[in-house]
Amino acid sequence: MVTLAFTVLVSSQAMAADLPGKGVVVKPLQSTLAEESFQTELVNRALTKLGYDVQQTGEVDYNVAYTAIASGDSTYMAVNWDPLQTDMFNAAGGDKKFYRQGTFITGAAQGYLIDKKTADKYHIHDLSQLKDPKLAKLFDADGDGKADMVGCEPGWGCGEVIETQIKAYGLANTVKQNSGNYAAIMADTLARYQQGKPVLYYTWTPYWVSNVLKPGKDVVWLTVPFSANPGSQKNLDTTLPNGKNYGFPVNEEHIVANKQWAAANPAAAKLFAIMKLPLADVNAQNMRMHNGESSAEDIQQQVDGWVKAHQATFDGWINTATAAAKK
């Protein structure tokens with residue numbers, strides 16, 4: 001028995017020594033949006049399995065995250081929106097400073113929605129129709145005569161897009177973007193909807209909002225009259241293949257890491273390149289958070305559940321990443 005126990009111990013120590021991440025510290029970052037925790041913690045779980053010493057995830061604004069990763073003060077972020085955050089990415093150094101290979105999440109849609117009841121009653125289908133003060137006033141929540149649109153938190157790239165489009169479509173006198181804590185403003189908007197009042201909001205997927213207010217049933221997407229974007233994306237055509245234009249292209253989400261760190265850690269680099277997470281899985285997890293399962297412990301249990309349900313996929317990531325370190 002003693003011999004067997006010793007053999008198991010030595011074997012375990014040998015396996016630990018073989019882990020490519022042994023002794024290497026990882027400092028992850030995410031935005032202050034709690035609903036990004038799931039995808040970040042899934043990456044952390046895989047890195048831990050590879051032997052990396054993963055520190056607690058820091059929460060900062062996106063622009064701070066890019067700067068910190070570029071400088072090497074932090075290691076990676078799992079939620080790089082492309083093309084929405086192109087200017088932030090490039091401002092912090094772009095491909096010279098960042099390692100970005102593979103696509104973590106695809107099909108991330110964004111845009112403007114209103115409640116279906118109001119859309120049907122007043123035949124509203126395009127954001128530019130709110131240039132009409134009478135239509136805009138339907139969405140006036142604070143009595144100033146302007147439509148109140150749920151917008152973005154300060155520091156998010158979408159806020160600049162919304163402001164650019166409000167000006168471009170001649171809506172400055174009739175529509176205003178309400179910026180602040182998105183979850184809090186959206187909670188007020190949900191309450192208005194439940195009271196039967198008109199609502200106007202920006203949202204995105206993956207997120208829980210479209211699981212509560214279902215497009216096509218409870219709310220409808222609004223088109224825009226033409227493409228209008230700020231900065232380097234001013235000439236970006238946001239028209240979809242079906243000919244409709246919702247003001248935002250469908251985005252991809254990438255894992256971005258410090259380029260030098262990734263070069264020194266081929267196992268992690270390979271992991272970042274091959275991990276893929278279905279958008280529907282993030283939506284479902286975000287809905288659980290919205291329903292109260294939002295503590296750090298809850299999120300770890302949700303990661304446990306995802307890994308267990310996709311064990312072969314998860315093990316494949318680990319095996320492929322481990323092999324990359326041996327080349």
Side-chain angles (χ1 to χ4, degrees), residues 31-33 61-62 81 84 87 109-205 207-210 212-231 233-234 236 238-239 244-249:
S31 80
T32 54
L33 188 69
D61 289 339
Y62 289 112
W81 284 73
L84 183 66
D87 286 351
Q110 305 164 78
Y112 308 105
L113 297 99
I114 64 171
D115 60 288
K116 192 172 187 301
K117 184 175 75 172
T118 303
D120 290 345
K121 183 176 180 179
Y122 295 94
H123 308 290
I124 302 171
H125 57 85
D126 194 274
L127 184 66
S128 63
Q129 290 176 260
L130 299 187
K131 199 171 181 178
D132 181 341
K134 291 179 182 176
L135 293 180
K137 199 169 183 180
L138 296 170
F139 303 96
D140 179 14
D142 60 10
D144 67 353
K146 288 187 176 184
D148 286 284
M149 177 194 289
V150 179
C152 297
E153 296 196 17
W156 291 4
C158 48
E160 289 184 46
V161 177
I162 293 171
E163 287 303 319
T164 297
Q165 293 178 351
I166 285 175
K167 292 173 184 174
Y169 308 145
L171 302 172
N173 294 325
T174 56
V175 177
K176 71 172 184 287
Q177 174 184 194
N178 289 337
S179 299
N181 183 287
Y182 183 87
I185 299 172
M186 200 64 217
D188 291 341
T189 302
L190 271 174
R192 279 181 60 81
Y193 175 83
Q194 288 159 358
Q195 292 163 10
K197 297 176 181 177
V199 294
L200 166 65
Y201 61 93
Y202 159 88
T203 199
W204 67 94
T205 58
Y207 197 58
W208 58 263
V209 170
S210 294
V212 177
L213 297 175
K214 296 187 181 297
K217 179 186 174 186
D218 307 313
V219 293
V220 295
W221 293 94
L222 295 180
T223 57
V224 297
F226 53 85
S227 301
N229 281 271
Q233 299 181 69
K234 63 181 180 180
L236 179 68
T238 53
T239 307
K244 292 196 173 184
N245 192 341
Y246 296 102
F248 295 82

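These figures come from a predicted structure and were not determined experimentally. The residues of the chain are indexed from 1 along the displayed sequence.
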Can you confirm whether Leu138 sits close enough to Asp140 that some side-chain heavy atom of one is under 4.5 Å from a side-chain heavy atom of the other? no

I'd like to know if the side chain of Lys117 and the backbone of Gly196 have a donor-acceptor N/O pair within less than 3.5 Å. yes

List the atom of Pro249, the atom of Thr238, and the distance in Å for their closest heavy-atom pair. CD-CG2, 3.4 Å

side-chain contact (heavy atoms from CB on, under 4.5 Å) partner of Tyr201, the single match among Asn178, Ile114, Val150: Val150

Drop me the distance from Gln195's CD to Leu190's CG, to the nearest 0.5 angstrom. 11.0 Å

Checking Lys197 side chain against Thr189 main chain: does a donor-acceptor pair fall under 3.5 Å? no

Spatial distance of atom CG (Leu127) from atom CG (Asn245) [nearest 0.5 Å]: 11.0 Å

Which heavy atom of Leu113 sits nearest a heavy atom of Thr203, and at what distance? CD1-CG2, 3.6 Å

Look up atom CD in Glu160 and atom CG in Asp87, then write down how far apart they are to the nearest 0.5 Å. 7.5 Å

Could you tell me how the ring of Tyr169 sits relative to the ring of Phe226: parallel (under 30°), tilted (30 to 60°) or perpendicular (over 60°)? perpendicular

Indicate yes or no: at least one non-hydrogen side-chain atom of Pro230 is less than 4.5 angstrom from one of Val161. yes

Would one find more than 12 heavy atoms of other residues, nucleotides or ligands at under 6.0 Å from atom CD of Gln177? yes

Interatomic distance, Leu171 atom CG to Met149 atom CE [nearest 0.5 angstrom]: 7.5 Å

Tell me which one of Asp148, Val199, Asp115 satisfies side-chain contact (heavy atoms from CB on, under 4.5 Å) with Arg192. Val199

Nearest heavy-atom contact between Tyr202 and Cys158 is OH-CB, 3.4 Å

Val220 and His125, any side-chain heavy atoms less than 4.5 Å apart: no

Tell me whether Ser179 contacts the main-chain N or O of Cys152 through its side chain, where contact means a donor paired with an acceptor under 3.5 Å. yes

Measure up the Tyr182 and Trp156 rings against each other and bin them: parallel (under 30°), tilted (30 to 60°), perpendicular (over 60°). tilted

Answer with yes or no whether the side chains of Gln165 and Tyr112 bring together a donor and an acceptor at under 3.5 Å. yes

Working to the nearest 0.5 angstrom, can you tell me the gap between Gln110 CD and Tyr207 OH? 13.5 Å

Closest non-hydrogen atom pair between Pro225 and Asp126, with its separation: CD-OD1, 3.2 Å

If I compare all heavy atoms of Leu135 with all of Gln129, which pair ends up nearest, and what's the gap? CD1-O, 3.5 Å

Check the pair Phe248 / Trp204 against side chain to side chain contact (heavy atoms under 4.5 Å, CB included), numbers first and verdict last. CA-CA 10 Å; Phe248 295 82; Trp204 67 94; over 6 Å; no

If we only count heavy atoms from C-beta on, is the Thr118 to Phe139 side-chain gap below 4.5 Å? yes

Closest heavy-atom pair and its distance - Gly155, Tyr62: O-CD1, 4.2 Å

Does a side-chain heavy-atom distance below 4.5 Å link Asn181 with Glu153? yes

At what distance, to the nearest 0.5 angstrom, does OG1 of Thr205 lie from CH2 of Trp208? 14.0 Å

